[in-house]
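Basis for what follows: all heavy atoms, side chains included, without hydrogens, waters or symmetry-related copies. Letters A, B, ... mirror the listed sequences (proteins, then strands); counts begin at 1.
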There are 2 protein chains.
Amino acid sequence: MSDVARLAGVSIKTVSRVVNDEPAVHPDTAERVVDAIERLGFRRNLGARNLRRGSSTGTLGLIVEDVGNPFFSELNRAVERTAAAFARQVLTGSSDEDPERERELALEFCARRVDGLLVVPAGERHGYLVPEMRAGTPVVFVDRPAGDIVADTVLVDNAGGAAEAVAHLTACGHRRIAFLGDSQEIYTARERLRGFREGCARAGVRCEERLVLMRPPTAHNVADAADRLFAGRGSATAVVAGNNRVTVHLLRALALRERRPALVGFDDFELADLLDPPVSVVAHDVSALGETAAELLFARVQGDQSPPRKVVLPVRLVARGSGEAGPA
Amino acid sequence: MSDVARLAGVSIKTVSRVVNDEPAVHPDTAERVVDAIERLGFRRNLGARNLRRGSSTGTLGLIVEDVGNPFFSELNRAVERTAAAFARQVLTGSSDEDPERERELALEFCARRVDGLLVVPAGERHGYLVPEMRAGTPVVFVDRPAGDIVADTVLVDNAGGAAEAVAHLTACGHRRIAFLGDSQEIYTARERLRGFREGCARAGVRCEERLVLMRPPTAHNVADAADRLFAGRGSATAVVAGNNRVTVHLLRALALRERRPALVGFDDFELADLLDPPVSVVAHDVSALGETAAELLFARVQGDQSPPRKVVLPVRLVARGSGEAGPA
DNA sequence: CCACGCGGCGACAACGTTGTCATAGTGCCG
DNA sequence: CGGCACTATGACAACGTTGTCGCCGCGTGG
């Protein structure tokens, strides 16, 4: 900036005035300054500016499990859109479901003085965030609650959706329904299992423990689970898949079989309607999830001091056919 | 930091020494300082640190068309992974194919002094980046070249892939092949069309202009195009879809028809193998695209001064069946 | 006993910017 | 013609941190 000032023959402060569109600069002077700025390719250093002004950095941090996963990338997109509306930019990071990595990312973001943090929590322990929150960095948890601290949280109705899936399957006549979910470590997986059990209870169907499998949804794990759930006498005639990863791998594992069980997946996914048969799912509005969380965060950024809120977004069953096959 | 210093009864400089693990601090003193840091929840301000040290900010900017699109989110993931290996964090932004928005994002990232910029260019004019590059911010273009400046670029073999798609279809006996691509404004769309024409020429098939349609792949546009391409006498018996959006919408439009043309899509996508028939595609390694670009960028960040490079990654045809139906 | 080195620490300046205040010039009114 | 308001500008400090330098006290070797 001092280079610009020298070239324009003014003081550094006047350059500052020009780049900030402050009034009380003579048009001729302003023109000289603008020329100098362009000649030198000057661009003001936002870091220094924010430091001096003590103002917000105009950034927010988003921590998800995996930005490459369609679910989280849609979330990312919604957050970005909302952030843009509030003139903020987004730092993203993938925790890979590793609490330690999540912690690293969160603390690094805080050291960069993000205006706020959106976190899809990986572990159960988030005490490490308390000092940051006390220091004024608002945190909103998305898709899953934090284990051990109270803070704003935006969730979807996991249990309700799973129960609805069961209701749909029982309405089609199924009595032996399996649940194939992600690892028990994950809140949403536990909640959906809980809803599954409630749904069974409500429909008066026995929830058989041998038909419930919870494990990280790798291709191998899911194929193996399918072998167990759908082989032999008394095997399941229908299955609820616990999330989009499970559903996809399960479809691939089932493609090889001649008789396919009825299926309802949790999380909608692209092309579900084009498969044969089209896949029924419990869908929720991922964009709304991201937007709601970001809006909640910005309310805090702007000084909202009300007690922490917990928002639960509705889900809806999208019946496409895969659940409607009869049991036998 | 001065609060910490006061509480620990030392100077602010000593606190700095402790947080930077500098030697020559008495263990007792260090302990007092660490206590004070924890008591106060102090975290050093990275912005101020980078300002003072004149060092890198430890961030890079990534501008894509849409972080929510599976193609770009996979790219995002690969970039993030590589960035993590170089201890960098990623600022992401979606240009929505709007050159002005891309420019805003890029200049804002530069004002934040990112260490480098990865750009999937939206428009044709990137002169605005020249001052930034001269000022030392390396830029690598990904997936598409910049229109009017020379810089590092990482592409895939668009033309070659499209030609291969045609070769595959002609080998299956097709003679009237359509091409349905994204808008001509987009480099990859033009290149793939070029490859399509080359492929036709090589196979000795006439490339009929009425069978080439280039438009933004909205559901409506694609459905409309399908009506034109596959209705009436002399209509196409096969089609090359120009990118993953086109393919998806085209599949949906075709699902309603009883006779489906043969299809090869550009870009692989999840579940392509589970559709009926499984969709053949020209696939490329999106992760490699992101990694290569990020590695190139970091080489520049670390001082590589060699002439700008252009890397073209290979594609491969994945034949799954949708292209192999005969023509009539 | 003195000089010297070294461990431990603090004062101060500087990074690039902006807020505060002061100053110089100009025009206008009484 | 003096005072005043107002415009245009600059000097300086400060944001939070770290690099440089210097100081103090202690131990050690000559």
Side-chain angles (χ1 to χ4, degrees), chain A residues 1-34 36-37 40-59 107-115 131-132 135-137, chain B residues 1-34 36-37 40-59 107-115 131-132 135-137:
Chain A
M1 199 150 115
S2 62
D3 295 343
V4 174
R6 197 163 32 243
L7 182 58
V10 298
S11 82
I12 176 180
K13 175 69 225 201
T14 296
V15 178
S16 170
R17 276 192 256 263
V18 171
V19 301
N20 286 301
D21 279 326
E22 284 178 39
V25 177
H26 194 93
D28 296 353
T29 313
E31 195 188 342
R32 285 208 319 280
V33 171
V34 169
I37 287 175
L40 296 176
F42 165 80
R43 191 158 320 282
R44 84 173 152 209
N45 184 325
L46 275 184
R49 172 175 222 247
N50 294 329
L51 177 59
R52 166 63 234 227
R53 312 216 331 179
S55 63
S56 97
T57 58
T59 54
L107 293 182
E108 173 99 14
F109 287 165
C110 288
R112 290 189 190 283
R113 298 294 188 268
V114 292
D115 299 340
E132 313 298 331
T137 306
Chain B
M1 201 151 113
S2 63
D3 294 344
V4 174
R6 197 163 33 243
L7 182 58
V10 298
S11 81
I12 176 181
K13 174 70 225 200
T14 296
V15 178
S16 170
R17 276 192 257 263
V18 171
V19 300
N20 287 299
D21 279 327
E22 285 178 38
V25 177
H26 194 92
D28 296 354
T29 314
E31 196 188 343
R32 285 206 321 279
V33 171
V34 170
I37 287 176
L40 296 176
F42 165 80
R43 192 156 322 279
R44 84 171 152 210
N45 183 324
L46 275 184
R49 171 176 222 246
N50 293 329
L51 176 59
R52 167 64 235 230
R53 311 218 325 178
S55 62
S56 98
T57 59
T59 55
L107 293 182
E108 173 98 13
F109 287 166
C110 288
R112 290 190 190 283
R113 298 295 188 269
V114 292
D115 299 340
E132 312 299 331
T137 306

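- Between the Asn45(A) side chain and the Gly47(A) main chain, a donor and an acceptor come within less than 3.5 Å of each other.
- Residue Arg44(B) has a polar side-chain atom (N or O) positioned under 4.0 Å from OP1 or OP2 of dT18(D).
- Listed candidates were dT9(D), dG19(C), dT17(C). Nearest to the side chain of Arg17(A) is dT9(D).
- Taking atom CZ of Arg52(A) as the reference point, atom C1' of dA14(C) lies 15 Å away to the nearest angstrom.
- Rounded to whole angstrom, the span from the CG atom of Leu51(A) across to the C1' atom of dG16(C) amounts to 9 Å.
- The interatomic distance linking Arg49(A) (CZ) with dG16(D) (C1') rounds to 18 Å, in whole Å.
- Residue Cys110(B) comes nearest to Thr137(B) through the heavy atom pair SG-CG2, 4.3 Å, listed as atom of the first residue, atom of the second, then distance.
- Comparing atom distances between the Ser11(A) side chain and each of dT18(D), dG10(D), dG8(C) picks out dG10(D) as nearest.
- Arg6(A) places its CZ atom 12 Å from the P atom of dG16(C), with the value rounded to the nearest Å.
- In this structure, of dT17(D), dG19(D), dC9(C), it is dT17(D) that holds the atom nearest to the side chain of Ala48(B).
- For Arg53(A), a side-chain nitrogen or oxygen approaches OP1 or OP2 of dG19(C) to under 4.0 Å.
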Practice item. Applying side chain to side chain contact (heavy atoms under 4.5 Å, CB included), run through Arg112(B) and Thr59(A) and close with a yes or a no. Key: CA-CA 10 Å; Arg112(B) 290 190 190 283; Thr59(A) 54; 3.7 Å; yes
**Study point:** Working for side-chain hydrogen bond (donor to acceptor under 3.5 Å, both in side chains), residues Thr57(A) and Asn50(A)
**Key:** CA-CA 6 Å; Thr57(A) 58; Asn50(A) 294 329; 5.5 Å; no
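- Put simply, CG on Asp28(B) is 14 Å from C1' on dG7(C), counting in whole angstrom units.
- Relative to the side chain of Lys13(A), the nucleotides dA11(C), dT17(D), dG19(C) differ in distance, and dG19(C) lies closest.
- For the OP1/OP2 pair of dT17(C) and a distance below 4.0 Å, the side-chain nitrogens and oxygens of Ser16(A) include no atom meeting the criterion.
- Put simply, Thr14(A) has a side-chain N or O that comes within less than 4.0 Å of OP1 or OP2 on dG10(D).
- Remark: C1' of dC12(D) and CE of Met1(A) are 14 Å apart, rounded to the nearest angstrom.
- Taking only side-chain atoms of Ile12(A), from C-beta outward, the nucleotide of dT17(C), dT17(D), dA11(C) with the closest atom is dT17(C).
- Residue Thr29(B) has a polar side-chain atom (N or O) positioned under 4.0 Å from OP1 or OP2 of dC9(C).
- A residue-by-residue look at His26(B) and Val19(A) shows that His26(B) has its nearest nucleotide of DNA chain C further toward the 5' end.
- No N or O donor and acceptor, one from the side chain of Arg113(A) and one from the base of dG16(D), sit under 3.5 Å apart.
- Taking atom CG of residue Asn50(A) and atom C1' of nucleotide dT17(C), one finds them 10 Å apart after rounding to whole Å.
- Other residues, nucleotides and ligands place no more than 12 heavy atoms under 6.0 Å from the CD atom of Glu31(A).
- We find the CD1-CG distance between Ile12(B) and Asp3(B) to be 9.5 Å, quoted to the nearest 0.5 Å.
- As a whole-Å value, the separation of Arg32(A) CZ from dA8(D) P is 13 Å.
- Residue Asn20(B) places at least one side-chain N or O under 4.0 Å from the OP1 or OP2 atom of dT18(D).
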